[in-house]
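A short write-up of the structure that comes next.
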Protein chains: 2
Amino acid sequence: MAGGSAERGRSVTSRALAILDAFDASAPRLSLSEIAERSGTPLTTAHRLLAELTGWGALSRRADGRYEIGRKLWDLGLLAPVSLELRQVAAPFLLDVHTATRDTVHLAVRDGTSALYVERISGRESVPVVSQVGSRLPLHATGVGKVLLAAAPDDVVAEALAAPVRATRHTVVDPGRLRRELGEVRRRGWARTAEEMSLGTLSVAVPVRVERAGSTVVAAALGIVVPSHRRDLPRLVPVLEVAARGIGRALARTPPFR
Amino acid sequence: MAGGSAERGRSVTSRALAILDAFDASAPRLSLSEIAERSGTPLTTAHRLLAELTGWGALSRRADGRYEIGRKLWDLGLLAPVSLELRQVAAPFLLDVHTATRDTVHLAVRDGTSALYVERISGRESVPVVSQVGSRLPLHATGVGKVLLAAAPDDVVAEALAAPVRATRHTVVDPGRLRRELGEVRRRGWARTAEEMSLGTLSVAVPVRVERAGSTVVAAALGIVVPSHRRDLPRLVPVLEVAARGIGRALARTPPFR
DNA sequence: TGGAGTCTCCCAGCCAGCGGAAGCCCCGGG
DNA sequence: CCCGGGGCTTCCGCTGGCTGGGAGACTCCA
């Protein structure tokens, strides 16, 4: 940038983006000094950029002086492909599954070595779960994650199994056993977990396959979470499969989303 | 910016933001030249800024060379207050209403002189409606809009009634009649529309009131859309009211969201 | 093979951005 | 009441990153 910049090689835009980067789920509201600190930007510079970002609507300023994400970024975020097509197409099907089961239903896609939760339907009577729309959980410890991992290229599998995090005492972290599980998921077409991410819950998940130009890809995973006392998990698989096929067919009719 | 800029007084950041502004619901995927054109940026400059935005993850580039909103902006968008608190708190209640009625349920807030649809639940058997999450519709022609307008300050009412758009032949555009309707909405506590936004649908809506620090504000509106042949609209009001009270109480327990 | 349309790379000039310093405001403690 | 301190805002002279026309690469189509 121009002027007596202390740290060269950092563009104006990258600084503005670094300021946006200061916000995350654990810190959705920040003061000027927090933003300057978190983004590694001098206070004055942060102040100037914040004024510009706020003026445009990327951020907005609260009565208490703190900044938060503004409407404009919310609007833009809704245009992301993950939201635009996948979610909108899938939402009614998730609703069907939820209506039939009353449990928490999830739709996730793979984002690197994480399962990214794209949509979620959860009633008040469903078990409380950690995931929210937008959250990322490890691939090896969740139902949807195992489905996505089973369909992932080898290098992703290798990376995901390199150092699997142990979330509970039931989390499977042995690479050999995980590989065998993935084989089984591929063979039978669905995955299950038992208290591997959080105690007290089980989950099952199936792939959402999309056929396009003759080849089939796993575009997402559809999963359901139930309290661990429930013993009817396999019964849920056909329900998920019907919905997953419906989503897959609907996606095949829309323009490619990735 | 530095350098031989043709148009002075335009900051680097503002150009980067103008590029983001090129994207909207009607144009979620754009080529370099389209972006340059829509943002009023020279092609070369757009190209450079796009590289930076893409590198950060604000945008991503598709196989066909076009740009689209990236994951990072989606993530950030989810941190917006409208999404963070209101939606998450309200979602289960909307689900309850949908479960009880099978119709399309909406949650909207007022954004200037528009109703901003914040959450929506719609099954496959519900009537097709124009609104989506993120869309903005006029306040005078929708159920949720009338509720929000009835609670809005006088200057907003005046602006909204200055030149009301006629969406269908049933849209009420006479300011006098609209004012009388708003009075009625305030008195009886709910609003209705009959084919005013789109033909073939009726809607009812109630306010979501939040009590905070002794005073009550209308934070949002909860509405339902049904096909016009249905004659049981008033029956739905109590259902909406129960859910709206639930949302209001839940919101009162969370930190203020605006 | 030619031509139009689109994208990528290059670079010299120059002004917009940089950020330290100083001032302001608010709050709490003595 | 005064004082100290933390957080925010404004000011301003120096300078190096930004600008954008131009040239070349690439793609698609006739």
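Residue numbering restarts at 1 for every chain, and letters A, B, ... go by the order of the sequence lines. Quick caveat: nothing in here was measured; it's all calculated off a predicted structure.
What separates CD1 of Ile19(A) from P of dG19(C) is a distance of 11 Å, to the nearest Å. Atom pair Leu32(A):CG and dG19(C):C1' shows a separation of 13 Å (rounding to whole Å applied). Rounded to a whole Å, the CG atom of Leu30(A) is 14 Å from the P atom of dG7(D). Spacing between atom CG of Leu50(B) and atom C1' of dC9(C) amounts to 15 Å, rounded to whole angstrom units. When rounded to the nearest whole Å, the span between CD of Glu37(B) and C1' of dT6(C) equals 14 Å. Ile35(B) places its CD1 atom 13 Å from the P atom of dT6(C), with the value rounded to the nearest Å. Residue Leu49(A) contributes atom CG, which lies 16 Å from atom C1' of dC8(D) at whole-angstrom precision. The distance between atom CZ of Arg62(A) and atom P of dG7(D), rounded to the nearest whole Å, is 18 Å.
Taking side-chain N and O atoms only, Arg61(A) has no distance below 4.0 Å to OP1 or OP2 of dC8(D). Between Arg15(B) and dG20(D) there is a side-chain polar atom (N or O) within less than 4.0 angstrom of OP1 or OP2. Of the side-chain N and O atoms in Arg48(B), none sit less than 4.0 angstrom from OP1 or OP2 of dG20(D). Between His47(A) and dT9(D) there is a side-chain polar atom (N or O) within less than 4.0 angstrom of OP1 or OP2. The phosphate of dT19(D) has neither OP1 nor OP2 within less than 4.0 Å of any side-chain N or O from Thr44(B).
Relative to the ring axis of Phe23(B), Arg38(B) does not place its NZ or CZ within 45° and under 6.0 Å from the centre.
Using a 4.0 Å heavy-atom distance criterion, Ser33(B) is classed as a sugar-phosphate-only contact.
Shown here for Lys72(A) and Ala58(A), the closest heavy-atom pair between the two residues is CB-N, 4.3 Å.
Applying the 6.0 Å contact sphere to CZ of Arg245(A) captures no more than 12 heavy atoms from other residues, nucleotides or ligands.
Residue Leu43(A) is the one, among Leu43(A) and Thr13(A), whose nearest nucleotide of DNA chain D lies closer to the 5' end (criterion: closest heavy atom).
Using a cut-off of 4.0 Å between Lys/Arg side-chain N and Asp/Glu carboxylate O, Arg29(B) and Glu85(A) are scored as salt-bridged.
Side-chain atoms of Arg249(B) never come within 3.5 Å of backbone atoms of Leu251(B) as a donor-acceptor pair (strictly under, hydrogens ignored).
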